[in-house]
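Single-structure report; data block below.
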Amino acid sequence: MRATIKDVAKAAGVSPSTVSLIINEKPVSISKDTREKVMRAVNELHYRPNQLAVGLVTNTTNTIGLILPDSNNPFFAALSNQIEIRLRHENLNVIIGNTGGDPKITRQYLRIFSDRCVDGIVLAQMDFEDGDETAKCQELLKSIDIPVVYVDRVTDDRNHFSVEVDQTQIGYLGTRHLLELGHRQIGCASGSIRLNVNAGRYRGYCMAFEEYGLEVNPDLLFCDSMSIECGRKALPCLLGQNVTAIFAFNDMIAYGIYQECRSYDLSIPHDLSIVGVDDIALSDIIYPPLTTVAQPMAEIAEHAVSGMLHLLKNQRERQETAKLNPILKVRGSTARAE
């Protein structure tokens, strides 16, 4: 049975209030001998404070809920790791919920975290294909009096602090790189274009074409999902449009294209140039290394946590959105058009 503060007090021969003062390091006059007896009893009994009881007194749980749309995606796995490390450094615990991109499960986790009285929520998806589902999640958040920070798949919501990478710039940088190499038939392999992140990346793609005075061919856009499977499906469709390069809207899609290229006996980058997005760890390891537009993971996590800490101290104070810039990392998967 778990030891209680009364058990510690009895073993040390002091009152429970004295034990509380000592283990919480309150600045009160207690002899060194008494402190040593109490700490010895704490160690012998393996006493740990009841966090639920502490939370009732302090009205905090020192816990943050982190809701991810896809923990199988290495980008979100790495992002959650960065956020968790920074929260632990602030003595905050993390509970993680994976929704699989399902808005109903997202709302379920919002309710669960609210019921568990987490101090704040970091939400990595508040934008869904169905606008009505997005609206339902927003309405639910209005009824939950908990600080919320949005990261990655955000939506237009002035009521919550968000950390946003310029998605239009991501599309622009990736496409401009391919145009500079002389490619003109550049396909796009994307998840749903109804999501703001994908719409922004496609907008950047179009901007780069317009800058070069070129027409955008809508037939070069293939939409499916943000997954390896999307890349596998996209390649034969885009090859049918005579593309010489493909801008994959994330690295996972690019990996699917790599995999499918073997079936078509295509050499990367000699037969096909490929650009991805995210710069997840494998992208510098696969052969040839993937040219990708990196989202600044460490900065996203840093701003998300600092924003959360600010909200925990000043919950009623509005905070400006943090807007970050992506970085093009040129590697071996792109070459000049022949």
Side-chain angles (χ1 to χ4, degrees), residues 64-70 75-76 78-80 82-87 90 92 94 99 101 103 106-107 109-110 113 118-129 131 133-174 191 193-204 207 226 249-250 277-279 293-328:
I64 302 297
L66 173 59
I67 301 178
L68 305 173
D70 184 6
F75 170 78
F76 289 111
L79 179 61
S80 67
Q82 291 273 350
I83 291 173
E84 187 172 2
I85 288 171
R86 283 166 170 76
L87 287 171
E90 301 295 336
L92 292 168
V94 182
T99 71
T106 299
R107 292 194 292 275
Y109 271 119
L110 287 171
F113 289 164
V118 297
D119 296 333
I121 295 173
V122 178
L123 185 55
Q125 182 170 15
M126 185 44 112
D127 178 39
F128 301 95
E129 290 185 47
E133 293 289 356
T134 299
K136 288 178 184 176
C137 288
Q138 289 174 315
E139 284 301 313
L140 176 58
L141 273 175
K142 288 178 184 177
S143 67
I144 296 175
D145 191 25
I146 297 173
V148 176
V149 170
Y150 293 158
V151 296
D152 196 62
R153 298 180 185 179
V154 303
T155 188
D156 297 326
D157 187 342
R158 303 301 176 194
N159 296 317
H160 296 94
F161 173 64
S162 64
V163 183
E164 301 177 22
V165 177
D166 189 333
Q167 301 299 324
T168 300
Q169 187 71 359
I170 285 176
Y172 172 77
L173 289 175
I193 208 69
R194 294 179 183 175
L195 294 177
N196 286 337
V197 288
N198 296 328
R201 290 170 194 180
Y202 188 62
R203 188 162 53 247
M207 280 175 55
M226 303 293 272
F249 279 27
N250 73 2
V277 175
D278 287 340
D279 191 31
V293 185
Q295 301 202 65
M297 191 95 61
E299 282 187 67
I300 296 171
E302 182 181 341
H303 281 280
V305 172
S306 63
M308 177 58 71
L309 294 173
H310 178 87
L311 291 173
L312 291 175
K313 294 175 183 175
N314 310 279
Q315 191 168 345
R316 301 302 174 188
E317 183 180 323
R318 283 189 58 187
Q319 191 176 7
E320 293 299 319
T321 292
K323 295 191 175 181
L324 309 177
N325 292 315
I327 304 161
L328 176 67

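Basis for what follows: all heavy atoms, side chains included, without hydrogens, waters or symmetry-related copies.
Ion pairing between K142 and E139 holds under the 4.0 Å rule for side-chain N and carboxylate O.
Looking at D119 and P147, their side chains never come closer than 4.5 Å, going by heavy atoms from C-beta outward. At a threshold of 4.5 Å between non-hydrogen side-chain atoms, the residues T99 and Y109 count as touching. Proximity of I300 to D152: side-chain heavy atoms (C-beta onward) are nowhere separated by under 4.5 Å. Put simply, the side chain of I170 does not reach to within 4.5 Å of the side chain of V197, judged on heavy atoms. Proximity of I83 to L66: side-chain heavy atoms (C-beta onward) are separated by under 4.5 Å at one or more points. Residues P296 and V165 have side chains in contact (heavy-atom distance under 4.5 Å, counting atoms from C-beta outward). Counting only heavy atoms from C-beta outward, the side chains of E133 and T106 never approach each other to under 4.5 Å.
Screening V305, V122, V118 for a side-chain contact (heavy atoms from CB on, under 4.5 Å) involving I64 leaves a single residue, V122.
Considering only residues two or more places apart in sequence or on other chains, E90 meets the side-chain hydrogen bond (donor to acceptor under 3.5 Å, both in side chains) condition with none of them. When the salt bridge (Lys or Arg N to Asp or Glu O under 4.0 Å) test is applied to D279, the partners found at least two apart in sequence or on another chain are K329, R331. Residues satisfying the side-chain hydrogen bond (donor to acceptor under 3.5 Å, both in side chains) test with R203, not counting sequence neighbours, are T168. Residues passing the salt bridge (Lys or Arg N to Asp or Glu O under 4.0 Å) test with E302, sequence neighbours excluded: none. Under the side-chain hydrogen bond (donor to acceptor under 3.5 Å, both in side chains) criterion, Q82 pairs with R86, sequence neighbours left out. Residues that satisfy the side chain to side chain contact (heavy atoms under 4.5 Å, CB included) test with A124, not counting sequence neighbours, are L68, P69, F76, V151.
Note: M308 CE to L87 CG = 7.5 Å, rounded to the nearest 0.5 Å. Note that the CZ atom of R107 and the CD1 atom of I144 stand 11.5 Å from one another [nearest 0.5 Å]. Atom NE2 in H303 sits 12.0 Å away from atom OG in S162 (nearest 0.5 Å).
With hydrogens and angles ignored, the 3.5 Å screen pairs no side-chain donor or acceptor of Q295 with any backbone N or O of V293. Checked by atom type and distance alone, the side chain of D127 pairs as donor or acceptor with a backbone atom of N196 at under 3.5 Å. Side chain of T134 to backbone of F128: a donor-acceptor contact under 3.5 angstrom is found.
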Show your reasoning for whether side-chain contact (heavy atoms from CB on, under 4.5 Å) applies to F161 and H310.
CA-CA 10 Å; F161 173 64; H310 178 87; over 6 Å; no
Derivation of the side-chain contact (heavy atoms from CB on, under 4.5 Å) call for I146 and L110
CA-CA 10 Å; I146 297 173; L110 287 171; over 6 Å; no
With side-chain contact (heavy atoms from CB on, under 4.5 Å) as the test, would you mind laying out the steps for N198 and M226 before giving the verdict?
CA-CA 9 Å; N198 296 328; M226 303 293 272; 3.3 Å; yes
For the pair E164 and Y150, evaluate side-chain contact (heavy atoms from CB on, under 4.5 Å) and give the outcome as yes or no after the intermediate values.
CA-CA 8 Å; E164 301 177 22; Y150 293 158; over 6 Å; no
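Residues V94 and E84 come closest through the heavy atom pair CG2-CG, 3.9 Å. L123 and M126 get closest at one heavy-atom pair: CD2-CE, 3.7 Å. Minimum heavy-atom separation, L311 to V149: CD1-CG2, 3.8 Å.
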